[in-house]
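What follows is one structure encoded as structure tokens, with my remarks underneath.
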Amino acid sequence: MEYFELYTEQNLPRWQTKARSDVHREGDWHRSTEVWVINDQRELLLNLRHPDKDLFANLWDVCIAGHLQPGENYRTAALREVREELAYAVPSSELHFIDVWKIDGFDVHTQLYDREFAGVFVWKTQLPITAFIPQPEEISELRFVPIHQVRQALENPGTDLNFIPLETIFLEILNRIESTAL
């Protein structure tokens, strides 16, 4: 069973842990990490979430993401998630920290909450998509998509790619990435 450390709505520790299923059912604040993977052609690596995921199944995600384990920091979790989800050990020096975002999500299909403080990183890579082996229970498909097309899809939900319904937050993060990391 997976456990998360709990935080207040201001991202302060509550010094408690709780089972993942309870956290998402009850809407507790916790921490996650996101790695936005961008190649030399200014394409963003998207991943289609596996149909068996408890949150936002069968929807496209803009990043490689996961929850922090108790005692873990954002960078360590980011490195672990890339290794687990893409079967690639990215050097820590290649992850560029952007900021921490407050994300308040709700999955209308499962009636579960995803309230988290996400440490956001950018990984600029020259690797082809064939360098990655998606974790089968997490990811159904990987695809590099030009950033301008991702932006269009996020600005017009339901018209192209069906993303996790956090388009506004994803656009904020994308704007910050484009202004600071590209």
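The pair E141-R143 meets the salt-bridge criterion, since a charged nitrogen lies less than 4.0 angstrom from a carboxylate oxygen. Between E84 and R80 there is a salt bridge, since a side-chain N of the basic residue sits under 4.0 Å from a carboxylate O of the acidic one.
The closest side-chain heavy-atom distance from R31 to F117 is below 4.5 Å. Contact annotation: the side chain of F56 approaches that of P165 to within less than 4.5 Å [non-hydrogen atoms, C-beta and beyond]. I64 is listed as a side-chain neighbour of L86, based on a closest heavy-atom distance under 4.5 Å. Side-chain contact between L59 and N162: present, with at least one pair of heavy atoms (C-beta onward) separated by less than 4.5 Å. Counting only heavy atoms from C-beta outward, the side chains of T180 and H96 never approach each other to under 4.5 Å. By the 4.5 Å heavy-atom criterion applied to side chains, L44 and W36 are counted as neighbours. Put simply, the side chain of L45 reaches to within 4.5 Å of the side chain of L142, judged on heavy atoms. Between R14 and Y7, every side-chain heavy-atom pair lies at or beyond the 4.5 Å cut-off.
Using a 3.5 Å distance cut-off with no hydrogens or angles, the side chains of H50 and E137 do not pair a donor with an acceptor.
Taking the six-membered ring for Trp, H24 and Y113 have ring centres at least 6.0 Å apart. Ring centers of W101 and F170: at least 6.0 Å apart, outside the cut-off.
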Step-by-step side-chain contact (heavy atoms from CB on, under 4.5 Å) determination, H67 to R20: CA-CA 9 Å; H67 296 98; R20 173 190 175 115; 3.4 Å; yes
Steps toward salt bridge (charged side-chain N to carboxylate O under 4.0 Å, His left out) verdict (E138, K53): CA-CA 7 Å; E138 295 281 334; K53 294 291 292 174; 2.6 Å; yes
Would you sort out whether F163 and V62 count as a side-chain contact (heavy atoms from CB on, under 4.5 Å), showing the intermediate values? CA-CA 8 Å; F163 284 105; V62 293; 3.7 Å; yes
side-chain contact (heavy atoms from CB on, under 4.5 Å) between L95 and F97: does it pass, once the steps are laid out? CA-CA 6 Å; L95 289 185; F97 179 72; over 6 Å; no
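Side-chain atoms of E5 come within 3.5 Å of backbone N or O of G71 as a donor-acceptor pair. Looking at T76, its side chain never comes within 3.5 Å of a backbone N or O of E72 through a donor-acceptor pair. Side-chain N or O atoms of D107 include none that pairs as donor or acceptor with a backbone N or O of Q111 at under 3.5 Å. Side-chain atoms of N47 come within 3.5 Å of backbone N or O of C63 as a donor-acceptor pair. Panel note: side chain H30, backbone R115; a donor-acceptor pair is recorded below 3.5 Å. Side-chain atoms of N156 come within 3.5 Å of backbone N or O of Q152 as a donor-acceptor pair. R42 contributes no side-chain N or O that, together with a main-chain N or O of P146, makes up a donor-acceptor pair within less than 3.5 Å.
Taking CH2 of W123 as the start and CG of N39 as the end, the distance is 11.0 Å to the nearest 0.5 Å. To the nearest 0.5 Å, atom CG of residue L79 and atom CZ of residue R83 are 7.0 Å apart. One finds the OG atom of S92 at 8.0 Å from the CZ atom of F121 (value rounded to the nearest 0.5 Å). Atom CG of D22 is separated from atom CZ of F4 by 11.0 Å, given to the nearest 0.5 angstrom. Remark: L112 CG to E26 CD distance equals 11.0 Å, nearest 0.5 Å. Taking CD from E116 and OG1 from T33, the interatomic distance works out to 10.0 Å, rounded to the nearest 0.5 Å.
In terms of heavy-atom proximity, A65 sits nearest to E81 at O-OE1, 3.3 Å. Taking all atoms of both residues into account, the shortest heavy-atom contact from Y3 to A19 is CD2-N, 3.4 Å. Contact record, P51 with A57: O-CB, 3.4 Å, taken as the closest heavy-atom pair. In terms of heavy atoms, L127 sits closest to T125 at N-OG1, 3.0 Å. Residues L46 and V145 come closest through the heavy atom pair CD1-CG2, 3.6 Å. The two residues I38 and V122 come nearest to each other via the heavy atoms CD1-CG1, 4.2 Å.
Transitive grouping of hydrophobic side chains (ILVMFWY, heavy atoms separated by less than 4.5 Å) brings I177 and I103 into a common cluster. No chain of hydrophobic side-chain contacts below 4.5 Å, direct or via other Ile, Leu, Val, Met, Phe, Trp or Tyr residues, connects V35 to L171. Put simply, F106 and L55 are part of two different groups of oily side chains (I, L, V, M, F, W, Y) that touch within less than 4.5 Å, one to the next. V120 and Y74 fall into different hydrophobic clusters, where Ile, Leu, Val, Met, Phe, Trp and Tyr are joined by side-chain heavy atoms under 4.5 Å apart, directly or via other members. Grouping the Ile, Leu, Val, Met, Phe, Trp and Tyr side chains by contacts below 4.5 angstrom, directly or via other members, places I173 apart from V82.
Judged by the 6.0 Å and 45° rule, K102 forms a cation-pi pair with W29.
Taking a 6.0 Å sphere around CD1 of I133, one finds it holds 12 or fewer heavy atoms contributed by other residues, nucleotides or ligands. Summarising the local packing, CD of Q41 is surrounded by more than 12 heavy atoms from other residues, nucleotides or ligands at distances under 6.0 Å.
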